[in-house]
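Heads up: the structure comes next, in structure tokens.
All chains are named by letter (A, B, ...) in the order of the sequence lines, taking the proteins before the strands, and each is independently numbered beginning at 1. Quick note: numbers below take in every heavy atom, side chains included, and nothing from hydrogens, waters or symmetry partners.
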Amino acid sequence: MDEAQLIGRAKVGDRAAAAALCEMHWRTVYVLMYSRVGDRSEAEDLTQDAFSRLWASFGRFEGRTIGPYLRTIALNLSRNRRRDQGRHPLEPLPDAPPADPGPTVEQVVETAETRRELMAALGQLAPEQREVLTLRLMDGRSVAEVSDIMRRTPEAVRALQYRALQRLRRLLLHSDLAGEG
Amino acid sequence: MAPEERLSEAIDRLLAGEEQAGRDLSREEERLLALARRLRSAQADFWPVDEAAFQRRLLAGFELQPRVRWRRAFAAGAAAAAVVAALLLGQPGTDSGPTVALLLPPKAAARTPATPTFHATAHRSGAQAAASFVAAAPMQTTAGPGAPLKTSTTYSTAAVVQVPARPLQAKDLGFGLVALRFPAPQALRGGLLHATSLSGRHYEVAAALVQAPKGSGVAVLQTSGLPGGWYRLPMDAGEAALFVPSSSLVARRSGWISVQSDEPGMPFAVRFTATRTEAALPIGETWQVKLVGTDGAEAPLWSSVRTVRGRRALVLVFNPTPAGTRSLHFLVTGQERLLDVP
């Protein structure tokens with residue numbers, strides 16, 4: 001069943017069709033949100049908001065794919081969030097080691113520290129840089145897919161990806177994460 | 001081939017799981033690829049922890065569509081309201097007023113005790129608590145999805161209205177639905193609401209997402225299941241309260257806060273008192289929090305900042321702490337600490 005058919009089924013209340021649409025698009029929205037806010041919890045909340053808005057207006061939606069529409073909603077939400085954040089500045093809480101420490105506490109802490117450092121650096125990139133890296137490396141998208149999602153040429157995507165990794169490396173130069181190993 | 005293209009192809013190989021992804025790269029490109037590999041391996045810190053649960057959250061709005069349509073009809077006039085009320089509540093002609101749809105997990109609906117009590121507090125954004133009501137009523141002990149539940153609602157002004165409610169399409173939705181109607185349209189307009197059951201040992205429900213469309217005077221409250229059940233509030237001791245003297249707790253306006261008892265299957269109530277400046281905790285500010293059961297199940301909740309006993313507090317969960325519980329395993333976005341219940 002193609003996306004247009006799923007949309008048609010979802011419009012008449014088919015939950016399975018809605019779930020399929022959700023499965024098809026949530027990662028892209030989440031990546032976009034993460035690229036804007038640089039925080040998993042907030043990205044989750046904003047993604048949920050985006051889908052809530054989608055469903056609220058779903059009856060009026062007439063397209064054959066919801067991707068671009070969702071992206072517009074998501075971008076508006078992230079803009080609103082920036083505005084709201086100006087009014088109520090947020091301060092991220094530190095992450096913590098996993099509840100189940102695994103092999104040794106030291107190893108777990110080290111891994112957690114490494115990841116935290118990496119994710120923190122990712123959060124300092126420009127939104128487009130963050131988006132291209134998360135789409136490519138977290139979501140495993142091809143250049144062609146990223147090109148389609150970000151509406152850039154494949155060449156531009158590759159260049160953006162390269163610059164993003166360079167910038168990330170500069171941000172991590174003080175640590176052993178800078179790509180030496 | 002340009003460096004960007006070479007690196008991109010190497011990343012493609014990395015994504016395909018090739019061990020020799022970095023062949024033929026310059027030293028600089030190798031470093032960037034190593035960084036890409038690190039990022040790839042940090043996926044666990046990127047995606048939602050429980051993707052299935054997260055997708056259910058995303059679908060919640062879709063599942064509420066019948067109620068959205070109902071709200072529109074409701075706003076259109078009394079006649080439509082009666083029709084929709086018939087659809088939703090199974091009793092046409094009931095009095096007008098906003099309805100709070102409380103979605104219950106089917107298991108909870110099936111295990112609802114004989115005399116549950118709902119307690120809900122509505123808030124308007126940016127204002128202090130605007131309304132509260134207590135709904136106490138007999139429910140059928142064997143009420144399963146689709147079975148009727150009887151609920152009476154007491155508004156804070158002591159006005160009492162009978163509220164028939166029943167789970168709706170629980171099998172289809174994955175939730176039961178209890179609709180509570182109460183006469184305070186202005187109190188909910190554009191606001192938020194959270195609700196808990198204060199009794200019912202096996203009642204696995206907590207308030208979560210509230211959608212209060214502007215101007216409609218109707219809020220939809222979505223809930224999801226809690227593991228371990230609910231425990232009766234020790235009224236003599238008041239609500240269990242946890243005062244956390246850490247400024248880090250109140251530094252964020254939104255985000256998840258996980259709370260967990262150190263005793264198996266014991267959800268509990270906590271109340272945070274902020275030591276942060278008032279600016280960081282504006283009254284009416286809402287937080288989204290998440291109750292985590294010992295089996296890992298999670299229940300998202302809404303909470304808000306209020307003045308409690310003259311002190312600014314973040315009220316998180318109303319579920320009571322079992323008597324005798326002295327320590328709680330407490331996670332704040334992953335930061336673990338053990339704290340005593342005062």
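Atom-to-atom distance recorded for B:L35:CG and A:Q166:CD is 11.0 Å, nearest 0.5 angstrom. To the nearest 0.5 angstrom, A:R141 atom CZ is 12.0 Å from B:L15 atom CG. The structure places CD of B:E28 at 5.5 Å from CZ of A:R169, a figure rounded to the nearest 0.5 Å. Summarising the geometry, atom OG1 belonging to A:T47 is positioned 11.5 Å from atom CD belonging to B:Q55; distances are rounded to the nearest 0.5 Å. Rounded to the nearest 0.5 Å, atoms CH2 (B:W47) and OH (A:Y34) are 11.0 Å apart.
In this structure the side chain of B:I11 never reaches within 4.5 angstrom of the side chain of A:V143, judged on heavy atoms. Looking at A:R136 and B:L39, their side chains never come closer than 4.5 Å, going by heavy atoms from C-beta outward.
Each of A:L122, A:D139, A:V157 has some count of heavy-atom pairs under 4.5 Å with chain B, and the biggest count is that of A:D139. Chosen from A:R27, A:E155, A:R163, the residue pairing most often with chain B at heavy-atom distances under 4.5 Å is A:R27.
At a 4.5 Å heavy-atom cutoff, A:L54 makes no contact with chain B through either its backbone or its side chain. Contact annotation for B:L33: neither backbone nor side-chain heavy atoms come within less than 4.5 Å of a heavy atom of chain A.
Closest approach of B:A42 and A:L118 over heavy atoms only: CB-CD2, 4.0 Å.
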